[in-house]
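Below is one structure, written out as structure tokens; the observations come after it.
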There are 2 protein chains.
Amino acid sequence: MTIKGFIVKSTIVTYTRPMAFPPFAVTVDLVVFTIRDDALHVLTIRRGESPFKGRKALPGGFVKVNEDLDTAAARELLEETNIGSVDRLHLEQLGTYGTPKRDPRMRTVSVAYLAFAADLATPVAGTDAASAQWSPLSATLSTKMAFDHLTILQDGLERARAKLEYTTLAASFCSNPFTIADLRHVYELVWDTTIDPRNFHRKVLASEGFVEPTGEHTSAGRGRPAQLFRPGPATQLHPPVRRQH
Amino acid sequence: MTIKGFIVKSTIVTYTRPMAFPPFAVTVDLVVFTIRDDALHVLTIRRGESPFKGRKALPGGFVKVNEDLDTAAARELLEETNIGSVDRLHLEQLGTYGTPKRDPRMRTVSVAYLAFAADLATPVAGTDAASAQWSPLSATLSTKMAFDHLTILQDGLERARAKLEYTTLAASFCSNPFTIADLRHVYELVWDTTIDPRNFHRKVLASEGFVEPTGEHTSAGRGRPAQLFRPGPATQLHPPVRRQH
DNA sequence: CCCTTTTATCGTCATACTGAGGATAAATGA
DNA sequence: TCATTTATCCTCAGTATGACGATAAAAGGG
């Protein structure tokens with residue numbers, strides 16, 4: 001059977017060949033975390049169209065015909081935020097979600113990505129309802145989200161929590177330079193626990209390559225000025241920062 | 001522009017609607033590890049057709065129109081091996097690979113899955129070249145595989161190595177019941193290291209819920225008979241089994 | 001200017017876990 | 001009987017961690 005009405009750019013030759021496989025739509029969806037106002041936030045959009053009109057959703061979109069998955073994720077992230085390219089940014093593949101009815105309109109497979117942004121990242125301003133905004137995570141987790149995005153968000157949170165244990169990624173949440181206390185707040189907010197400042201301080205300084213002192217100190221604020229650090233060269237932590245389960 | 005020549009089965013209603021997105025083929029590919037003859041093996045097929053005719057490839061296939069991704073992976077696994085359903089089997093999503101030119105024939109996104117099988121699992125016998133077989137991993141890693149399957153295999157190995165650290169999945173490689181030495185061999189072969197039998201023995205027994213004694217002992221073989229165990233209820237290990245990096 | 005408050009940083013101590021390796025137990029085969 | 005092999009138990013030192021005392025260095029109020 002020949003199908004008509006398949007609309008693409010005329011330059012894409014691939015579409016003109018017969019296909020012996022079921023066609024899927026492939027999208028990328030982004031779980032982007034940041035810390036604002038002493039709370040973990042996630043980047044969301046509000047859907048302006050059916051299905052799930054009015055609900056919050058993760059930012060994302062279709063993968064283009066000649067676009068790599070990672071590239072598509074990075075492109076969507078740049079489109080939704082003002083993050084200056086890959087600097088101070090971590091982006092990794094989270095998982096793929098392809099339950100048949102997850103999008104009632106068509107058979108869609110979504111490749112989810114997880115990103116950590118420093119506080120200074122701001123969503124792109126926009127007047128339409130679809131513009132991205134930072135939503136407090138705790139509130140978002142108890143709302144109804146579009147599609148299976150709540151599941152993706154939960155998986156992203158769990159991945160983020162695990163990653164903090166054995167990687168240096170917590171520094172990706174901090175604007176540069178940062179203090180040990182800033183770093184500790186990241187762990188406390190992501191893990192939703194309190195951590196002993198003295199033991200944490202010892203642990204971070206004992207982890208070679210986690211942070212490097214800049215030589216500077218904080219000036220303003222209450223209490224004793226704190227040493228300032230930048231991220232070190234290490235990416236993995238041996239042994240990891242232990243979390244109580 | 002309207003494209004003609006898009007050929008699919010007429011029974012699939014979805015296909016007959018206009019699509020405003022690029023169509024992708026979605027496949028699942030399997031990285032299935034087992035231990036045979038004191039070496040780590042991976043399940044492979046040999047490609048009988050172009051492209052990559054004659055090369056080894058990971059078993060896999062197209063996801064069906066109304067099939068979940070996990071279901072498709074389990075189906076492919078059952079089709080290629082005689083593993084009796086989900087018993088003694090671990091199957092998890094590994095990652096998704098969608099570089100535009102990874103399949104020269106069409107734009108394909110492959111969702112890779114990782115599975116651990118006990119030794120008793122055997123590939124389905126078949127006379128054609130496409131029948132699955134166990135290939136020694138070390139040799140396979142230095143061959144040219146079809147598509148990007150070597151990359152997927154490397155990622156699967158790294159995932160498996162990491163998983164042994166903090167989960168009880170090593171028991172999935174062992175036929176039931178097993179000895180502590182059997183379990184240690186799994187770690188040694190997957191990590192490609194040697195482990196002190198005494199310290200490993202202590203670590204396993206100290207990890208609550210990792211293994212449960214059956215009360216039986218091995219009868220034949222050299223040396224003192226070993227106690228037999230079955231997998232315990234735990235899935236995670238706190239603290240993990242440490243590996244030298 | 002003194003004192004309280006706040007936060008950063010250092011130190012102490014008991015406990016837990018690991019790596020190295022000695023010693024014993026229980027089987028097989030010469 | 002004895003050497004060999006493997007399983008299991010034990011000791012000991014080094015390292016990491018949790019709990020928490022103590023000090024340092026700032027701000028702010030009287």
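Each chain gets a letter, A, B and so on, in the order the sequences are listed, and its residues count up from 1. Quick note: numbers below take in every heavy atom, side chains included, and nothing from hydrogens, waters or symmetry partners. Nothing here was measured: the structure is a model prediction, and the numbers come from that model.
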Residues, nucleotides or ligands: over 12 heavy atoms within 6.0 Å of B:Asp196 CG: yes
Atom OH of B:Tyr166 and atom C1' of C:dC17 are separated, to the nearest Å, by 21 Å
Per the under-4.0 Å heavy-atom filter, residues of residues 197-207 of chain A near DNA chain D come out as A:Arg198, A:Asn199, A:Arg202, A:Lys203
Counted 5' to 3', the first and last nucleotides of DNA chain D within 4.0 Å (strictly under) of a heavy-atom of chain A are D:dA16 to D:dA27
| message | Less than 4.0 angstrom from a charged side-chain N to a carboxylate O is my criterion; do A:Arg243 and A:Glu158 meet it? | response | yes
Hits for ring-ring contact (aromatic ring centres under 6.0 Å, His included) against A:Phe147, two or more places apart or cross-chain, chain-then-number order -> A:Phe52, A:His149
Q) Checking B:Thr34 side chain against B:Ala118 main chain: does a donor-acceptor pair fall under 3.5 Å? A) yes
Please check if the side chain of B:Tyr113 supplies one atom and the backbone of B:Val31 the other of a donor-acceptor pair under 3.5 Å.
no
Donor-acceptor pair, distance only, cut-off 3.5 Å: does the side chain of A:Ser142 make one with the backbone of A:Ala139?
yes
Check your understanding: Short question: side chain of B:His41, backbone of B:Ala39 - any donor-acceptor pair under 3.5 Å?
Key -> yes
Legend entry - Main-chain N/O of A:Val190 paired with A:Arg161 side-chain donor or acceptor, under 3.5 Å: yes
Residues B:Glu188 and B:Ile195: closest non-hydrogen pair is OE2-N, 2.9 Å
### Message
I'd like to know if the side chain of A:Arg159 reaches the main chain of A:Gln154, judged simply by a donor and an acceptor atom lying under 3.5 Å from each other, with no hydrogens or angles considered.
### Response
no
To the nearest angstrom, the CZ-P distance between B:Arg242 and C:dA16 comes to 18 Å
Main-chain N/O of B:Arg55 paired to B:Arg46 side chain as donor or acceptor, under 3.5 Å = no
What does the list of N/O pairs under 3.5 Å between the protein and nucleotides 25-30 of chain C look like, with a distance for each?
unit_1, atom_1, unit_2, atom_2, d
C:dA25, O4', B:Arg224, NH1, 3.3

Practice item. Spell out, as yes or no, whether a donor-acceptor pair under 3.5 Å connects the side chain of A:Arg230 to the backbone of A:Pro177. Key: no
Query raised in the report: Reckon B:Gln244 has a side-chain N or O less than 4.0 Å from the OP1 or OP2 of C:dT18?
Result: no
From CD of B:Glu165 across to P of C:dT18 the rounded distance in Å is 12 Å
Across all chains, not counting sequence neighbours, the ring-ring contact (aromatic ring centres under 6.0 Å, His included) partners of A:Tyr166 are none
Rounded to whole Å, the CD1-C1' distance (B:Ile195 to C:dT18) equals 13 Å
Sorted by number, residues from residues 184-192 of chain B placing a heavy atom under 4.0 Å from DNA chain C are none
